[in-house]
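Notes to accompany the following structure.
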Amino acid sequence: MTTEPWPRRWPWRLRAIGAWLTLLYTVAAALSVALFAAITDWRLAVNFQAEQLRLVQAKLAELQADLADAGGDPQALVDEIVRETAGSRLRQYQARVLLDGRTLGGTPGMARTLPPAAFAPAAASAPSAVLPQQAAGGRRYALAAVRLAGPGPGAAPVVQLALDVTRDAELQAHLRAALALAFAVLVPLLALTGRWMAGQGLAPLARITAAARAVTPADLSARLPLTPPWPDELRELVQVFNAMLAQMEEAFARLSRFSADLAHELRTPLGHLSAELEVCLMRPRGARAYREALESGLGECRRLNVLIENLLFMARAEHAEQALRCEPFDAAQACAWALQQQAPAAALRGIRTRLDGAATLVADPLLLRQALANLLSNAIRHSRDGGEVRVRLQALAGGVEIAVQDDGEGIAAPHLPHLFDRFYQVDAARRHGAGQGTGLGLAIVKTIAELHGGRVRVHSVPGQGTTLTMHFPAAPPGLRAPAVAAVAPSEQGRAAMKPDWDRLSHRAFKIGLVLKGLDGLLEIAGGAALLSTPRPLIRHAVALLTRQELFEDPHDMLANYLAHLVQHLSLGAQQFAGLYLGAHGLVKLAMVAGLVHGGRWSYAAAVLLMSGFIAYQGWHLVHHPSPLLALLTVTDGAVLALIVREWRHPPGRPAK
């Protein structure tokens, strides 16, 4: 049984970063709005229940006082209840008086809608918890049954009281409907806003994609522009991408030069060999002529063999990660062996050789001898007749240096940077003997030194000679032990440990933009709720929320904020207030969108708007102190400071 990969098993899974960002932003914003609506509805319900309980307790205390004034006569309570509730069409409450299980009297018609059995058993004191509610006759009531204390030894009467809470229930139901409508309208708006913000955030990636499409093998000089500045998250990626393009361009150039030089090196011996054979075949020749032709062809074949072996070595060293067989040995013995191998070639031209110094080296002996042989062969070939080639060994704190010096014609300065390139030769005529002068000797020396973690440098003065120096570390990379000793941090290290305030400020600026965007969305939701809520319910909410009894706790920030909001709401201009609140939210969203897009005028407009918001909130804070308003003012001040800093020092430009 085969299992399909998850992209086919789950076709709904999003694969685009923009879609994921849109979904996450929409879900986060929708959850924030839903949480705000739930908290508002819960707080309003708690306030309603507290107000209803207070009214019931006050009415029961009033009836208890009336009973005491009447000397314990329950009929006085009946008369008082009938007087207050019989003539009112919109009764605030209904009540009845029971004595020994029978009804003495009460609100006319109460038995039809609320029979005695609808009430819970009578309590000995006024209720102190949430009152149970029941719908009856198209109205909604909060029910309470209390046994009053009589002054005499007779039976205590029971009062069943039903508080009419229909308006409160209607207000809460309409508020829930308005919040649900606003939520349904905001979800598509949040999705569109999230898609736009995701598109703005991913726009730099589109720029990178367009630049990558412009790079072709025929033109590798294209680079990603560094202006306008990239976001912090992509700045390093752009730098790495440009560095990669530079390395690719350099590698392609080296490959092109290598192909041309290789073709030239292969064509020369093959041309010589072909010419010799053609000359021999033009007419019959003697044995001596054929022997000379064969010897010449054998020399060219040997040269081709040396060239191929060198190319194979270079390929293995660069692409096969050739393993080093490093061991400690006497570097002076290896140098003496290389000098002995090159002694016949030096003796033919009367060149003296000399070895100075001694050192112990940890390296691959075979590779070191090959590098020394290449350096000595090159030095003897370019040294003057009767001159001297000197090998100098020197042990340093960080490793060992091996210098090979000749007193030949020297090398001009323009050739020095290319001296270790493959097939590069200072002599443009490429004059060389059989099996020599392929242009790979110094390239092999550089490769061997780099395999050991070392380096090669050259110093040459025309007419005085050339010195090639190989530096080998104390131990090659594969044998180098990690340093465990604790060292004091340098100035650069201490600077690296300091927090990056520019980056932290930029991240705080982004968080502030998200908060202001959510603030704008909440104001749009509030404006939609105002426009869709009937005016009588708004009037009832104002009358309820502005009662000082509801907000005795000065730390109840949400309740104080609601009271502050409705106290300054003109009932005659409800539509204007809703439109104003929605427009205020749209202005904040537009400000956030402008800051996301960037631009000098966007920052200037944002600074003016935030200054106006802070001034307006400060004026209200002076005349109507509120902890929540103070928190909002401080938050807006911090956002304004971040906007000013971002305006003066955008990402990519160092702060002064």
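Values below: every heavy atom of this structure, side chains too, minus hydrogens, waters and symmetry copies. If you read the sequence from its start, that first residue is 1, and numbering goes on from there. It should be emphasised that the depicted structure is a prediction, and the values quoted were computed from it without experimental measurement.
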Subject >> Criterion side chain to side chain contact (heavy atoms under 4.5 Å, CB included) on Asp168 and Glu51, from CA distance to verdict >> reply: CA-CA 10 Å; Asp168 296 347; Glu51 175 68 5; 5.8 Å; no
Original post:
In terms of side-chain geometry, is the basic nitrogen of Arg167 or Glu170 positioned less than 4.0 Å from the acidic oxygen of its partner?
Top reply: no
Original post:
Does the side chain of Thr209 reach to within under 4.5 Å of the side chain of Arg213, using non-hydrogen atoms?
Top reply: yes
Original post:
Could you go step by step and tell me if Val97 and Leu148 meet the side chain to side chain contact (heavy atoms under 4.5 Å, CB included) rule?
Top reply: CA-CA 10 Å; Val97 180; Leu148 301 181; over 6 Å; no
Original post:
Tell me, do Thr26 and Leu190 make a side-chain contact under 4.5 Å, heavy atoms counted?
Top reply: yes
**OP:** Nearest 0.5 Å please: distance from the CD atom of Gln134 over to the OG1 atom of Thr113.
**Re:** 9.0 Å
Original post:
CG of Leu35 to OG1 of Thr40: how many Å apart, nearest 0.5 Å?
Top reply: 9.0 Å
Donor-acceptor list for residues 176-185 side chains, cut-off 3.5 Å, not counting sequence neighbours:
residue: Arg176; atom: NE; partner: Asp41; partner atom: OD1; Å: 2.8
residue: Arg176; atom: NE; partner: Asp41; partner atom: OD2; Å: 3.2
residue: Arg176; atom: NH2; partner: Asp41; partner atom: OD2; Å: 3.2

Subject >> Residue pairs, two or more places apart or on separate chains, that pass salt bridge (Lys or Arg N to Asp or Glu O under 4.0 Å) and touch residues 57-67 >> reply: Lys59-Glu62, Lys59-Glu84
**OP:** Please report the closest heavy-atom contact between Arg139 and Asp164, naming both atoms and the distance.
**Re:** NH2-OD2, 2.9 Å
Original post:
Between the main-chain N or O of Ala191 and the side-chain N or O of Thr22, is there a donor-acceptor pair closer than 3.5 Å?
Top reply: no
Original post:
Which atom pair, heavy atoms only, marks the closest approach of Gly106 to Val82?
Top reply: O-CG2, 3.3 Å
Subject >> Flag, side chain of Gln94 to backbone of Thr85, donor-acceptor distance under 3.5 Å >> reply: no
Original post:
So, do Ser611 and Val607 sit near enough that their side-chain heavy atoms are less than 4.5 Å apart?
Top reply: yes
Original post:
If you look only at pairs with a residue in residues 95-110, which of them pass as a salt bridge (Lys or Arg N to Asp or Glu O under 4.0 Å), with sequence neighbours excluded?
Top reply: none
Original post:
If you look only at pairs with a residue in residues 194-209, which of them pass as a salt bridge (Lys or Arg N to Asp or Glu O under 4.0 Å), with sequence neighbours excluded?
Top reply: none
**OP:** Would you indicate whether the side-chain heavy atoms of Ile81 and Leu63 approach each other to under 4.5 Å?
**Re:** yes
Going by atom type alone, with no hydrogens or angles, which donor-acceptor pairs under 3.5 Å involve a side-chain atom of residues 116-133 and a protein atom two or more places apart or on another chain?
residue: Gln133; atom: OE1; partner: Arg140; partner atom: NE; Å: 2.9
residue: Gln133; atom: NE2; partner: Gln52; partner atom: OE1; Å: 3.3

**OP:** Taking all heavy atoms of Pro157 and all of Leu67, pick out the closest pair and write down the distance.
**Re:** CG-CD2, 3.8 Å
Subject >> Full working for side chain to side chain contact (heavy atoms under 4.5 Å, CB included) between Val78 and Gln75 >> reply: CA-CA 5 Å; Val78 175; Gln75 190 60 41; 3.9 Å; yes
**OP:** To the nearest 0.5 Å, tell me how far Leu60 CG sits from Leu161 CG.
**Re:** 5.5 Å
**OP:** Please list, chain by chain and in numerical order, all residues satisfying side-chain contact (heavy atoms from CB on, under 4.5 Å) with Met197, sequence neighbours excluded.
**Re:** Tyr25, Thr193
Original post:
Would you say Phe48 and Leu171 make side-chain contact, with heavy atoms under 4.5 Å?
Top reply: yes
Original post:
Do the non-hydrogen side-chain atoms of Leu143 and Leu114 ever get within less than 4.5 Å of each other?
Top reply: yes
Subject >> Atom pair CZ/CG of Arg147 and Leu99 - distance to nearest 0.5 Å >> reply: 9.0 Å
